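Order of listing sets the numbers, starting from 1, for every ligand and every atom in it. Just the heavy atoms: all of them, side chains too, but no hydrogens, waters or symmetry mates, feed the values below. Quantities reported herein were computed from a predicted structural model and do not represent experimental measurements.
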Amino acid sequence: MADKQINGQPEKVAPPQKQYPVVLTGQPALVTGASSGIGKAVALGLARSGADVVVNYIGDATAAEDIAHEIESLGRRALAISADVSKEDEVEHMYAQAIQHFGTLHIAVSNAGLQADAPFDEMTLEQWNKVIGVNLTGQFLTTRAAVREFKRRGPKPDISVATGKLLCMSSVHQEIPWGGHVNYATSKGGINMMMRSIAQEIAPLRIRVNAIAPGAIRTPINREAWDTPEAYNKLMELVPYLRIGEPDDIARAAAWLVSDAADYITGATLYIDGGMTLYPGFATGG
Ligand code: BGC
């Protein structure tokens, strides 16, 4: 038992074992923003579950290639493809390459996202457009391209009872307003309504669409919130479970949500946040 204390409680850590109990064999998956953070963990988690994986990235080709090699070392096929998810022609080209390489796709995880924070009255139109472009329009473009492919290919019940599975990476900030991050919170609120509307429309095609809403996960996007003991203790005031999330906490749930084990789930958002959305201030107040 660790004797380090976090806000008066013994330090808690993530489970040591990576457990991937679901089977995605024969179901090629595309993960956007897969060269770091949550996307990287999801790409590896899907591969551990048996899927071949397209590792989408922008910028850091070496990181993406390293992840592709790690996937291959797990015995799966991998293809790293550079594409800016906010650009229609790049997304279309990426899907064409992916489908040519793997024959089809069964799973698409729209994960790519970024923050460009500013006080509201100082936020530039460029900061607004950048975040909406990648986080929201990017998910529109990647889910639309996937649905087109699922429809073209049609059902393959021997591979999966669903014709296709879509997963949108949202955030607790689809629910929790976030001053200083209005563009980001708005993009995540938009993802929530987009995801549910798509889910409603395409459920009859046996295509499932769900979202994960992570809380504070240990990734580069929020490094300043966890990389000093002071910051970590402050962050824990917002997390009743008193530990930060690890990317693998998200990846295990992602693998399950896109598997047939979750077949009756569509239009749902799974909050994975250690209780961040439970109004922690009310544990002692109110
Ligand atoms: C943000 C992180 C933040 C977390 C909890 C995420 O969506 O990207 O920066 O730490 O929400 O507030």
Which residue and heavy atom of the protein sit nearest atom 3 (C) of ligand 1, plus the separation: Trp178 CH2, 3.8 Å
Pairs where residues 21-44 contributes a residue and the test side chain to side chain donor-acceptor pair (under 3.5 Å) is met, not counting sequence neighbours: Gln27-Lys165
Atoms of ligand 1 close to Ser171 [distance to a heavy atom under 4.0 angstrom, numbered from 1]: 6 (C), 7 (O), 11 (O)
Top protein contact for atom 5 (C) of ligand 1, by heavy-atom distance: His173 NE2, 3.5 Å
Test item: Asp249 and Arg243 side chains (from C-beta on) under 4.5 Å apart, heavy atoms: yes
Atom 6 (C) of ligand 1: nearest protein contact (heavy atom, Å): Tyr184 OH, 3.5 Å
Contact with ligand 1 for Ala225, non-hydrogen, under 4.0 angstrom: no
Criterion salt bridge (Lys or Arg N to Asp or Glu O under 4.0 Å) on Arg144 and Glu88, from CA distance to verdict: CA-CA 10 Å; Arg144 187 186 64 174; Glu88 185 174 31; 2.7 Å; yes
4.0 Å heavy-atom contact, His181 with ligand 1: no
Numbering as shown, the atoms of ligand 1 that approach Asn222 to under 4.0 Å (heavy-atom distance): 2 (C), 9 (O), 10 (O)
Atoms of ligand 1 close to Ile221 [distance to a heavy atom under 4.0 angstrom, numbered from 1]: 8 (O)
Sub-4.5 Å side-chain heavy-atom contact between Ile217 and Ile244: no
Nearest-neighbour protein heavy atom for atom 1 (C) of ligand 1, which is reported as residue plus atom name and distance: Gln115 OE1, 3.2 Å
